[in-house]
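Hydrogens, waters and symmetry mates play no part in the numbers below; they use all other heavy atoms, side chains included.
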Amino acid sequence: MIVVKDLVRQFKSGDRTIKPVNRVSFGLERGTLASIVGKSGSGKSTLLSLLGALDKPTSGDVVVDGMSLAGLPDGKLTEYRRRDIGFVFQQFNLIPNLSAVDNVMLPIEFAGVRKVARRQRAGELLEQVQLSQDKHGRRVNRLSGGEQQRVAIARALANEPKLILADEPTGNLDEQTGEHIVELLKSLSRDHNTTILVVPHDRGLANKTDRRFRLQQGRLSEETVRGGVRETSLDSEGVPAQAGTAASVGGCAG
Amino acid sequence: MSVLARSVGNAFRNKIRTAAIVAVLAVAIGLALAMLVANQAVAAKVQELNASVGTVLTVNPAGGQGFEGGGEPLTQEQAATAAAVPNVASVVGTKALRLGTETATTSGTNAGRTPPTGPGGGGPGGQSAAAATTSLQAAIDAGTLGNRNGAGGTGTNTGTTGTQTAPAFSLPITATGIGAEVDSTGKALTIIDGTGLGDYSATTGKALLGTTLAEKNGLTVGSTFTINSQAFTVAGTFDSGTAFGNNALYLSLADAQHLAALPGELSSMIVTVDSMENVESTKTALENALGTDKADVTQGQRNLETAASSLNSVKGISLIAFVAALATAGIIILLIMVMLVRERRREIGVLKAIGARNRTIGLQFVLEALVLVALGSTVGAAVASFASGGIASALISSNSATAAAATPRGAGMGGGFPGGAQGGPFSGTTQLLTSVSANASPPVIAAGIAAVFGVAIIGALVPALLTARIRPIEVLRGE
């Protein structure tokens, strides 16, 4: 269970204070496949960074399986990222001079798994994301964008994390491979009880998720569909919103 | 892929840049190693010189310097006076004899010219050396210089005829009566075969022969020969290290005085001072006690001391240069690694984002630095092996020129008189200095490389620690 409590992240920009994440609260059960949509610059990536402990909130807390991230030292946050989190970055962020299999092996190596076992695991993951065998040993900077994206997804799955945070995971994939990745994510959430939060690049992927959130000017609302009518409700308590309780979204504090 | 494998891979990520870095490091490391090799070689030489400089003062009769002669001989009483001077550890009297071969002295053509004194006498000892004849043949040819000096020795060939060609001159043999088992410079004798003379203050009828002299005359321990028709038994043979030095023999002081028919008279005294620090003050005290009109006190190996001092400055310079080159290598590593860390901030952020510990990332950068240093050290060691000899020679020659200029000519020539030799026993100071052999020995190179690696680790640690301060979100915010 992941519980986000009144999360705020603010930045100073000259005289202005910007709050890309402003008092966001929600909860996700284990095994949920959820999505966050919103305009560019609405704070989706910032929210993912806070959930993945890449960034520290100005206030509020994220509680994962009862463990509060607020106040954890850097070493514990690193351990949390290594053990519980899988990232798929929008720009892939692979290590360019390493091969596909070496990139996937990195988080497994950091977890202390022996070389033979990690190579075998990395190979299996690359197979899962449908990267052909002959490209496993190829440097990632010689792979296409779609292939790099699959390597990035495989790397995110490497340590069987509790929570996968994926920023446009199918953005560079053709329709068929994209479908396959969506099915892979769904099976992970269903069969391995992995919680997955994606920022989809199109509405199609968002519609396939269990829960859909919208982030607008730092405030989070959840979309529900009842009787063919789409409703948006603000939920500051992390409890699924009730139909007909739509509320306005909060603005940016200046 | 392990951290080490990743570090090696990263070191070669940009081959042209790696080559440039290795070249720069090789120059710094090569220079550091060359300086270390030179420093070690010079240190060894200084130690050797210090051992030779010792604490020995030589006392000769006043006026015995050069070719002038004159003055009063030294006596046993003066030896007792010298022994009473503070800080004097021991006094050993010597009595020098110049031995001409019996066949040469009885030859009509050479009559009156043996034993020659003056030119070719080789030093002040020559002035107080008594003449005697022996059955021994000199082991060394007189050579051009010996013959020239011998011809000018007494001038008998410019007799009434005025046309007689001078026959080949036979080099005299040095016989020294000694009061202890030391040579004429105070150094312990290196006895190769047999034993010493036992009691050096009594007449023993025994002698110690130089190896070449014994060989030339077919003598071994127990053989006999004569001096002034008196039989002497070979008690042992010694090696002085030089051919001319081995054309000599040692007797007990009493035997030499008896042969010279000058009991109680000394050619020189070898005074050993209790420590290096007291040498100068003891020299003055001896001059005061014996009188400067009676005795000359010389610090025989002062030129060597000057040389040692000169080499010490070379040692200091080379050590400073080693440390400076080492520091340069460290700074080069530091700057390169700072550059690499700045360049790879995003990569460091990604590694942290996927769970790499700070120490894992830091170790990766330190290992990468060590890979570069290993390459630089390999090339640098090759550079050092070629350059160290030249660098050491350049340093030493510039310093030994100063030392040689400061060396008084003829100083410390007391006691020796082999006329065939050019100059005294210390005329080879410059050669001694330049004989420093700066070979790049594996232990020295290994020690130098260990120091380089130590500095490189320090140089790489700072940038490695900088990686700990990089927060993943700072570098990934561009997403």
Please check if atom [atom1] in [X] has more than 12 non-hydrogen atoms from other residues, nucleotides or ligands closer than 6.0 Å.
{"X": "A:Lys5", "atom1": "NZ", "value": "no"}
{"X": "A:Phe11", "atom1": "CZ", "value": "yes"}
{"X": "A:Arg30", "atom1": "CZ", "value": "yes"}

Measure across [X] and [Y] and return the closest heavy-atom pair with its distance rounded to 0.1 Å.
{"X": "A:Lys56", "Y": "B:Arg471", "value": "N-NH2, 4.1 Å"}
{"X": "A:Thr78", "Y": "B:Ala356", "value": "CG2-O, 3.4 Å"}
{"X": "B:Arg357", "Y": "A:Phe110", "value": "NH1-O, 3.5 Å"}
{"X": "A:Arg82", "Y": "B:Gly355", "value": "NH1-O, 2.9 Å"}
{"X": "A:Ser49", "Y": "B:Ile473", "value": "OG-CD1, 3.3 Å"}
{"X": "B:Ala353", "Y": "A:Phe89", "value": "CB-CZ, 3.8 Å"}

#### Entry: With A:Ala154 via side-chain contact (heavy atoms from CB on, under 4.5 Å) - residues at least two apart
A:Val104, A:Leu125, A:Leu126, A:Val129
#### Entry: Side chain, backbone, both or neither of B:Arg13 within contact of chain A (heavy atoms, under 4.5 Å)
side chain
#### Entry: B:Asn10 versus chain A, the contacting section by heavy-atom distance below 4.5 Å
both
### Message
With rounding to the nearest 0.5 angstrom, report the CD1 to CG distance, B:Ile354 to A:Asn103.
### Response
7.5 Å
### Query
Taking side chain as C-beta onward, heavy atoms only, is B:Arg6 less than 4.5 Å from A:Ile95?
no
### Query
Can A:Asn93 and B:Arg346 be said to form a side chain to side chain contact (heavy atoms under 4.5 Å, CB included), step by step?
CA-CA 8 Å; A:Asn93 280 330; B:Arg346 189 176 187 86; 3.1 Å; yes
### Heavy-atom proximity to chain B below 4.5 Å, by part of A:Arg83
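For A:Arg83, no heavy atom lies under 4.5 Å from chain B.
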